[in-house]
Amino acid sequence: MAYQIQRYPAELIDVVRLTAGERVVIRPVLPQDRELLNAFFHSLSADARCSRFMHPVNGLSSELLRQFTQVDYANHVALVAEVFVDGCEVVIGEARYVRAADASSAEFAVSVADSWQGNGLAKLLLGRLERFASEAGVRQITAQTFASNKKMLAVAAKAGFKISASLDALGVMRLEKRLAPLQQRPK
Ligand SMILES: CC(C)(COP(=O)(O)OP(=O)(O)OC[C@H]1O[C@@H](n2cnc3c(N)ncnc32)[C@H](O)[C@@H]1OP(=O)(O)O)[C@@H](O)C(=O)NCCC(=O)NCCS
């Protein structure tokens with residue numbers, strides 16, 4: 001049977017203008033976004049893909065694409081940022097979080113197409129994820145990134161994350177931020 005989303009969080013749909021003025025649509029990921037997301041990850045440089053997944057990745061397996069697009073919006077929340085080129089959707093960024101077993105903390109990851117970096121897109125995507133997570137009862141949001149990933153460390157520092165060396169792996173930093181409880185918006 002085809003996968004069905006329990007509740008698509010339409011309140012996360014937004015149109016924003018980046019610092020350079022471009023119009024970008026931000027929306028929650030849909031099951032039919034497989035091809036768009038696949039094209040996005042293929043378009044990233046090998047370095048950016050490695051930074052995103054914390055290991056070298058050439059292509060996304062069918063199973064990973066399934067996981068990335070069949071998002072339940074309870075334990076897993078995912079956003080894409082897209083522009084329209086000649087009337088066709090092109091994904092230029094994605095961000096997601098997955099709750100840990102205790103549900104009060106969640107791990108996030110974000111990536112932005114190389115040519116769109118430095119325009120505030122990661123900041124926008126993370127801000128929206130954080131707000132949604134707070135409203136959903138997540139109290140701590142974390143991520144791991146390479147100590148050499150200066151861009152992500154800068155994004156995290158500016159967003160108020162605590163940054164410390166990971167106890168699990170050498171050359172890896174842990175990003176951590178407490179989230180204040182926020183009241184849920186009316187649905
Ligand atoms: C890390 C990454 C997501 C940042 O995306 P981005 O859209 O370029 O980041 P933003 O433009 O939103 O930057 C947010 C803040 O960080 C700062 N920043 C970003 N890159 C920076 C850099 N190289 N040096 C200094 N500051 C930087 C920005 O100035 C901005 O601060 P401001 O709000 O005061 O202007 C992007 O480089 C990327 O996709 N990298 C590959 C994948 C990856 O590493 N993902 C991390 C997995 S957790």
Side-chain angles (χ1 to χ4, degrees), residues 12 14-29 33 36-61 64-65 67-68 71 75-83 85 90-100 105-133 138 140-179:
L12 283 173
D14 205 357
V15 179
V16 296
R17 291 220 178 251
L18 299 187
T19 40
E22 298 93 338
R23 187 175 168 276
V24 175
V25 174
I26 293 180
R27 63 169 177 82
V29 170
D33 289 330
L36 286 176
L37 269 180
N38 200 22
F40 166 70
F41 284 116
H42 268 288
S43 77
L44 293 181
S45 65
D47 271 0
R49 264 200 312 271
C50 182
S51 298
R52 164 63 179 80
F53 292 99
M54 300 292 290
H55 59 87
V57 169
N58 284 326
L60 268 68
S61 68
L64 194 56
L65 276 172
Q67 287 173 22
F68 271 28
V71 175
N75 293 314
H76 180 188
V77 174
L79 295 174
V80 282
E82 63 184 10
V83 290
V85 179
V90 177
V91 170
I92 59 167
E94 61 90 41
R96 65 191 62 234
Y97 72 74
V98 176
R99 287 200 200 219
S105 70
E107 185 159 15
F108 78 89
V110 56
S111 54
V112 172
D114 297 35
S115 58
W116 287 88
Q117 291 181 10
N119 289 294
L121 197 48
K123 182 177 163 179
L124 276 173
L125 289 168
L126 274 183
R128 278 161 175 73
L129 275 189
E130 276 180 31
R131 182 173 175 97
F132 192 82
V138 175
Q140 177 179 253
I141 189 152
T142 66
Q144 305 256 353
T145 195
F146 292 124
S148 57
N149 191 345
K150 303 292 177 229
K151 291 181 190 173
M152 188 60 217
L153 292 173
V155 172
K158 293 207 166 172
F161 280 78
K162 185 179 143 206
I163 302 172
S164 56
S166 165
L167 301 176
D168 302 327
L170 208 61
V172 173
M173 305 303 282
R174 177 181 158 85
L175 317 176
E176 184 185 326
K177 186 173 179 179
R178 300 287 313 164
L179 299 180

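Computed over heavy atoms, backbone and side chain alike; hydrogens, waters and symmetry mates excluded. Residue indices begin at 1 and follow the sequence shown. Source: prediction; values computed, not measured. Atoms within a ligand are numbered from 1 in the order they appear, just like the ligands themselves.
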| said: I need the L124 CG to L18 CG distance, nearest 0.5 Å. | reply: 6.5 Å
| To which protein heavy atom is atom 39 (O) of ligand 1 closest, and what is the distance rounded to 0.1 Å? | V112 N, 2.8 Å
| request: From the options L153, D114, V155, select the one whose nearest heavy atom is closest to atom 4 (C) of ligand 1. | output: V155
| field | ligand 1 atoms in contact with N119 (distance to a heavy atom under 4.0 Å) | value | 11 (O)
| query | Identify the closest protein heavy atom to atom 27 (C) of ligand 1: which residue and atom is it, and at what distance? | reply | A154 CB, 3.4 Å
| message | Going by the closest heavy atom to atom 6 (P) of ligand 1, which one wins out of C50, G120, A122? | response | A122
| Does V112 offer a backbone N or O that forms a donor-acceptor pair with the side chain of Q117 under 3.5 Å? | yes
| atom 47 (C) of ligand 1: which of N149, V110, L126, L175 has the nearest heavy atom? | V110
| task | Kindly indicate whether the side chain of L79, heavy atoms from C-beta on, has any atom under 4.5 Å from the side chain of F132. | result | no
| Is R96 positioned over the aromatic face of F68, cation under 6.0 angstrom from the ring centre and no more than 45 degrees off axis? | yes
| In the protein, which heavy atom is nearest to atom 8 (O) of ligand 1, and how far is it? | G118 N, 2.7 Å
| message | Can a donor-acceptor pair be found, under 3.5 Å and without considering hydrogens, that links the side chain of S105 to the backbone of I141? | response | no
| query | So which heavy atom in the protein is nearest atom 23 (N) of ligand 1, and how far is it from that ligand atom? | reply | K151 CG, 3.3 Å
| note | Quick note on ligand 1: atoms under 4.0 Å from a heavy atom of A48 include exactly 41 (C), 42 (C)
| Any donor and acceptor pair, going by atom type alone, linking the side chain of R49 with main-chain N or O of L44 inside 3.5 Å? | yes
| Any N/O pair K123/ligand 1 closer than 3.5 Å | yes
| Verdict with reasoning, D47 to R52, per salt bridge (charged side-chain N to carboxylate O under 4.0 Å, His left out) | CA-CA 9 Å; D47 271 0; R52 164 63 179 80; over 6 Å; no
| field | Q117-ligand 1 polar pair, N/O distance under 3.5 Å | value | yes
| said: Out of R52, M173, K158, who is nearest to atom 28 (C) of ligand 1 when you count heavy atoms only? | reply: K158
| query | Above 12 or not: heavy atoms from other molecules or residues under 6.0 Å from NZ of K177? | reply | yes
| said: Is there a polar contact, in the sense of an N or O pair closer than 3.5 Å, between A109 and ligand 1? | reply: no
| task | Hey, could you give me the CD/CZ distance between E130 and F108, rounded to the nearest 0.5 Å? | result | 7.5 Å
